[in-house]
Amino acid sequence: MEPRFYSSGDDIPEAQRDRPSSTKGGAKRGIFRWVVWFLIGLSSAIAGLIVSWLTYQGAETSAISVPMEPMVSVYVAPNANDLVGTSSSRESLLGHFAYEEAPETELVSSAYDSAVQLRPSAVEQFDAMVAEAESQGIYLVPISGFRAIEDQHYLFFDVKAERGQTPLTRAEVSAPPGYSEHHTGYAIDIADANAPGTDLSVAFEETDAFKWLEKNAPRYSFELSFPRGNPQGVQYEPWHWRFVGDSESLKTFYQDR
């Protein structure tokens, strides 16, 4: 049999053609692709870390350079004129609050003037206060205590007409009927026996009686109803005091204000 010669690669069986070299090339290509993807992933991770670090630095810088301003609560004092008729949820008129009339059965006369009546707790402390003042040479005179709504009607409407006053002007010195503290049996007007010319006037503040009351009235649970600049807009009345020495009197003057 004559020997067979392979003249070209095309005559080599397909199963034996370039098999070793093809395997090596595929392995190299796989390693190369793995290295490429690894480098891409590593680059992405590094880029993410850089972006996060820059974001954190920017936020920290903003927090330092722009401090939060402290919250400040500002209280604006009300204008007395704005409080007329709108002081609170409690019913009011021309700057005065509404009060119920004390029952006559709950009123007691002062030992210093039987015509001046107050509720028992108030009259007891008032008489004790007058007694102490007298022991120190100060003579307090009770002028007016409890006042009925009918009496207040005259003091407001009739006097207003006599003097030609407007309701708002009259309300600065006298409450409309139904809105006077005198209805409660806890309010009282006080004068100085040694200075009768100052009765029911601002000049009363210059008397020894008023100066004594300023220092001692709180010990007997009495306070000025209408001091200077009071929020109700009522004229300053140094002679007008009210008793706030028990729960009922506190409710009367302070609840819902």
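- H183 places a side-chain heavy atom less than 4.5 Å from the side chain of I149.
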Open item on the list: Test side chain to side chain donor-acceptor pair (under 3.5 Å) on Q152 and Y179; report intermediate values, then the result.
Closed with: CA-CA 9 Å; Q152 194 67 26; Y179 294 82; over 6 Å; no
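- In this structure, Y99 has its ring center closer than 6.0 angstrom to the ring center of F253.
- Across all their heavy atoms, S110 and V123 have their closest contact at CA-CG2, 3.5 Å.
- Contact check for F204 versus D199: no side-chain heavy atoms found under the 4.5 Å cut-off.
- Aromatic ring orientation, H182 versus H240: perpendicular (interplanar angle above 60°, classes split at 30° and 60°).
- Across every non-hydrogen atom of A102 and G185, the tightest pair is CB-N, 4.3 Å.
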Open item on the list: side-chain contact (heavy atoms from CB on, under 4.5 Å), that's the test. Do Q117 and E104 meet it? Break it down for me.
Closed with: CA-CA 9 Å; Q117 294 183 314; E104 292 185 11; over 6 Å; no
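- The main-chain N or O of P227 is found under 3.5 Å from a side-chain atom of N230 such that the two form a donor-acceptor pair.
- In this structure, CD in E162 is found 9.0 Å from CZ in R170, a value given to the nearest 0.5 Å.
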Task: Derivation and outcome, side-chain contact (heavy atoms from CB on, under 4.5 Å), residues V141 and I190 - done: CA-CA 6 Å; V141 178; I190 305 174; 5.9 Å; no
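- Cluster membership check: I138 shares its hydrophobic cluster with I143, using side-chain heavy-atom separations under 4.5 Å among Ile, Leu, Val, Met, Phe, Trp and Tyr.
- A donor atom on one side chain and an acceptor atom on the other are found under 3.5 Å apart for Y236 and E205.
- In this structure, CG in D189 is found 5.5 Å from CG in L200, a value given to the nearest 0.5 Å.
- Here the side chains of I188 and V116 are in contact, with some heavy-atom distance below 4.5 Å.
- Under the 4.5 Å side-chain criterion, counting only non-hydrogen atoms from C-beta, F97 is not in contact with E91.
- Considering only heavy atoms from C-beta on, F222 stays 4.5 Å or farther from R242 through its side chain.
- Closest approach of L213 to P218, counting heavy atoms only: O-CD, 3.7 Å.
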Open item on the list: Could you go through K160 and T169, starting from their C-alpha distance and side-chain angles, then the distance that decides it, and tell me whether this counts as side-chain contact (heavy atoms from CB on, under 4.5 Å)?
Closed with: CA-CA 9 Å; K160 177 182 75 67; T169 300; over 6 Å; no
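- Side-chain N or O atoms of R119 include one that pairs as donor or acceptor with a backbone N or O of T184 at under 3.5 Å.
- No side-chain donor-acceptor contact under 3.5 Å links Y186 and E248.
- Both W239 and Y112 belong to a single network of hydrophobic side chains, linked directly or stepwise wherever heavy atoms of I, L, V, M, F, W or Y lie under 4.5 Å apart.
- Taken to the nearest 0.5 Å, the CZ atom of F126 stands 7.5 Å off from the CG atom of L118.
- Side chains of P177 and F157 form a contact here, defined as non-hydrogen atoms less than 4.5 Å apart.
- Looking at S92, its side chain never comes within 3.5 Å of a backbone N or O of G95 through a donor-acceptor pair.
- The distance from the CD atom of Q232 to the CG atom of L94 is 11.5 Å, given to the nearest 0.5 Å.
- Grouping the Ile, Leu, Val, Met, Phe, Trp and Tyr side chains by contacts below 4.5 angstrom, directly or via other members, places V244 apart from L107.
- Between the side chains of Q136 and W212, a donor-acceptor pair is found at a separation under 3.5 Å.
- Side-chain polar atoms of D246 and S249 form a donor-acceptor pair below 3.5 angstrom.
- No side-chain heavy atom of F210 sits less than 4.5 Å from a side-chain heavy atom of D192.
- For the atom pair OG of S221 and CZ of F243, the computed distance is 5.0 Å after rounding to the nearest 0.5 Å.
- P238 and S201 make their closest contact through CG-O, 3.8 Å (heavy atoms, listed as atom of the first residue, atom of the second, distance).
- No path of Ile, Leu, Val, Met, Phe, Trp and Tyr side chains, each step under 4.5 Å between heavy atoms, connects L168 with L155, placing them in separate hydrophobic clusters.
- A 4.5 Å side-chain heavy-atom check between E181 and H96 finds every atom pair outside the cut-off.
- Put simply, F156 and L93 are part of the same group of oily side chains (I, L, V, M, F, W, Y) that touch within less than 4.5 Å, one to the next.
- Put simply, CG on D151 and CZ on F146 are 8.0 Å apart, with the number rounded to the nearest 0.5 Å.
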